[in-house]
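Report on one structure; see the data block that follows.
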Amino acid sequence: MKEFLRQIAQKFYSEYGKKNDLADFLFVFPNRRPGLFFKKYLSELAQKPIFSPQVLTINEFFQQFSSLKQEDNIALLFRLFEVFKEVVNEDEKFDQFIAWGQMLLNDFNDIDNYCVDADKLFQNIVEEKELEQKFDFLEDDSEQFEIIKKFWNNIPSEDERKKYTQNFIEIWSILPEVYNRFKESLLGDGVAYNGMLCRNAVENLKTVEIPYRKVVGFNALNGTERALFQFFKQKGIADFYWDNCSQMFFAETANDNNAMRFLQNNIKEFPSRFSLEIKDQQKETFEVLSLPSSVAQTKQVYNIIKNLHQNEEDKSNLIKTAIVLPDEKLLLPQLYSLPEEILQKKDDKEKALDTIKKGFPRK
């Protein structure tokens, strides 16, 4: 069966490519990797120079409609730290703040990505915590009581439990002010975190000019993505494709699977114009190797890739091979361990290493 992205490329090239209409199209992908493969398949189908469609990631697509620029994560943490100190009026150290400051950033990002009213959310959390202090409304054998009892047993004394709860409530009570001041600070400099940028883009959609004849995209959706897709669907210039063409998706048991229901809702709300082939059910084969260390894994990858390259049947499948590392620190050792045979030029590895090193923060 043909790959999902190859099917997309073939459908659109056969419909629009021969008329050179694809240059007016935009294809949106969850990240850069599928976009690279899509362009590869499109070039194989064309076999001649053509005007290529524009290919963007979903984040790049959002940035086109936002008046804000995404800020670096470290800069966001420092700015959040300063805002937090102003609100609580305490001299807290940054190294003590950074761990849960990152948690706050993640929470703020989710709030904006799902277009949630932050003030109401934080108020609900505070009220819920206040209720947890009163156990009279719970029966001793209830599931809620057991969960709360296990939580409080981790806090040794009753005094410490009261102190912890009070601190929790106090912190969550000030978070609306932290959240609002933090966003005001970012807006003043025209920068944002990802969720804030996406929310800003959705708010700007009605006032911006759309430069595309057709937008094609597929992705798992959060609140801002759903709003973005709905806007382009209503404009009549969007088409959507979902990599779920498996026989299991159409099986009778699919309705009992939460993931399948999620996908079915997306397909119902954002249908595809062109139909794709259904994947055949195939049993996957796994081989497990025991190795003494993480670095030894990179050396074993060398042998696996080298054997694939030497086998003519497997050689063509190298482009479809992915290496997933257990630790990002192994990336450089893995690059040094790639077989020379798979590199098109001798200096390809050094170029790759230079690119990776430039992307790493200095320590």
Side-chain angles (χ1 to χ4, degrees), residues 59 62-63 66-133 147-148 150-201 222-224 326-329 331 357-363:
N59 285 338
F62 270 111
Q63 289 173 14
S66 176
S67 56
L68 306 174
K69 293 183 179 179
Q70 188 161 337
E71 181 65 289
D72 175 75
N73 189 69
I74 296 298
L76 288 170
L77 279 172
F78 275 110
R79 190 186 293 256
L80 180 58
F81 176 60
E82 294 300 325
V83 170
F84 182 80
K85 286 198 303 180
E86 290 175 5
V87 174
V88 299
N89 197 25
E90 291 182 6
D91 189 20
E92 187 169 350
K93 294 182 179 179
F94 181 73
D95 59 348
Q96 296 174 331
F97 171 83
I98 190 169
W100 76 278
Q102 184 61 58
M103 294 173 60
L104 273 184
L105 272 182
N106 293 337
D107 288 342
F108 291 172
N109 192 67
D110 288 341
I111 286 171
D112 285 328
N113 262 330
Y114 287 91
C115 301
V116 174
D117 186 320
D119 292 337
K120 291 181 179 178
L121 173 66
F122 292 132
Q123 182 61 35
N124 286 341
I125 293 174
V126 170
E127 291 174 355
E128 182 179 354
K129 193 62 183 179
E130 289 173 341
L131 284 175
E132 286 183 7
Q133 294 182 62
I147 293 173
I148 294 174
K150 288 178 182 179
F151 172 78
W152 288 112
N153 285 342
N154 291 327
I155 303 175
S157 67
E158 184 176 349
D159 289 340
E160 288 185 5
R161 293 175 193 172
K162 291 180 179 178
K163 180 180 178 181
Y164 175 88
T165 304
Q166 189 59 39
N167 289 342
F168 181 97
I169 294 173
E170 289 176 357
I171 289 173
W172 281 90
S173 296
I174 65 169
L175 283 188
E177 185 176 358
V178 173
Y179 170 82
N180 291 321
R181 281 201 192 185
F182 181 50
K183 290 189 69 173
E184 288 174 5
S185 172
L186 292 171
L187 283 171
D189 291 333
V191 295
Y193 48 87
N194 180 257
M196 179 180 170
L197 184 148
C198 293
R199 193 168 190 169
N200 175 260
N222 58 37
T224 52
D327 188 340
E328 64 181 17
K329 295 178 182 178
L331 182 56
K357 288 176 182 177
K358 289 177 182 178
F360 282 174
R362 296 184 181 274
K363 295 186 178 179

Can you list everything that forms a ring-ring contact (aromatic ring centres under 6.0 Å, His included) with Phe97? Sequence neighbours excluded, please.
Phe81, Phe84, Trp100
Return the set of residues passing salt bridge (charged side-chain N to carboxylate O under 4.0 Å, His left out) with Lys85 (not counting sequence neighbours), or none when no residue passes.
Glu82
Find the distance between CD (Gln63) and NZ (Lys69) and round it off to the nearest 0.5 Å.
10.0 Å
Partner residues of Asp110 under the side-chain hydrogen bond (donor to acceptor under 3.5 Å, both in side chains) criterion, sequence neighbours left out:
none
Distance in Å, Cys198 SG paired with Tyr114 OH, rounded so as to fall on 0.5 Å steps
11.5 Å
Got a sec, which residues hit side-chain hydrogen bond (donor to acceptor under 3.5 Å, both in side chains) with Asn109, two or more places apart in sequence or on another chain?
none
Which is it for Phe182 and Val87 under the side-chain contact (heavy atoms from CB on, under 4.5 Å) test, yes or no, and what are the steps along the way?
CA-CA 10 Å; Phe182 181 50; Val87 174; over 6 Å; no
Pairs involving residues 175-195, ordered by first then second residue, that meet salt bridge (charged side-chain N to carboxylate O under 4.0 Å, His left out) (sequence neighbours left out):
Arg79-Asp189, Glu86-Arg181, Asp112-Lys183, Glu177-Arg181
Verdict with supporting geometry, Asp119 and Asn180, side-chain contact (heavy atoms from CB on, under 4.5 Å):
CA-CA 9 Å; Asp119 292 337; Asn180 291 321; 3.5 Å; yes
Just wondering, do Leu76 and Val191 contact through their side chains at under 4.5 Å, heavy atoms?
no
Under the side-chain hydrogen bond (donor to acceptor under 3.5 Å, both in side chains) rule, collect the residues that match up with Asp72, sequence neighbours excluded.
none
In Å, rounded to the nearest 0.5 Å, how long is the span from CG of Asn194 to CG of Leu105?
11.5 Å
Least distance between heavy atoms, Gly223 atom then Cys115 atom:
C-SG, 4.3 Å
Is Leu197 close to Asn59 at the side-chain level, that is, under 4.5 Å between some pair of heavy atoms?
no
Please assess Leu104 against Leu175 for the test side-chain contact (heavy atoms from CB on, under 4.5 Å), listing each intermediate value before the final yes or no.
CA-CA 9 Å; Leu104 273 184; Leu175 283 188; 3.8 Å; yes
Using the ring of each side chain (for Trp, its six-membered ring), is Phe122 parallel, tilted or perpendicular to Tyr179, with breaks at 30° and 60°?
perpendicular
Mind checking the CG-CE spacing from Leu186 to Met196? Nearest 0.5 Å is all I need.
5.0 Å
So NZ of Lys93 and CD1 of Ile98: to nearest 0.5 Å the spacing works out to 15.0 Å
Whether the side chain of Asn200 engages the backbone of Ser67 through a donor-acceptor N/O pair (distance < 3.5 Å, no angle test) should be reported.
yes
If you define the side chain from C-beta out and look only at heavy atoms, does anything of Phe108 sit under 4.5 Å from Leu80?
yes
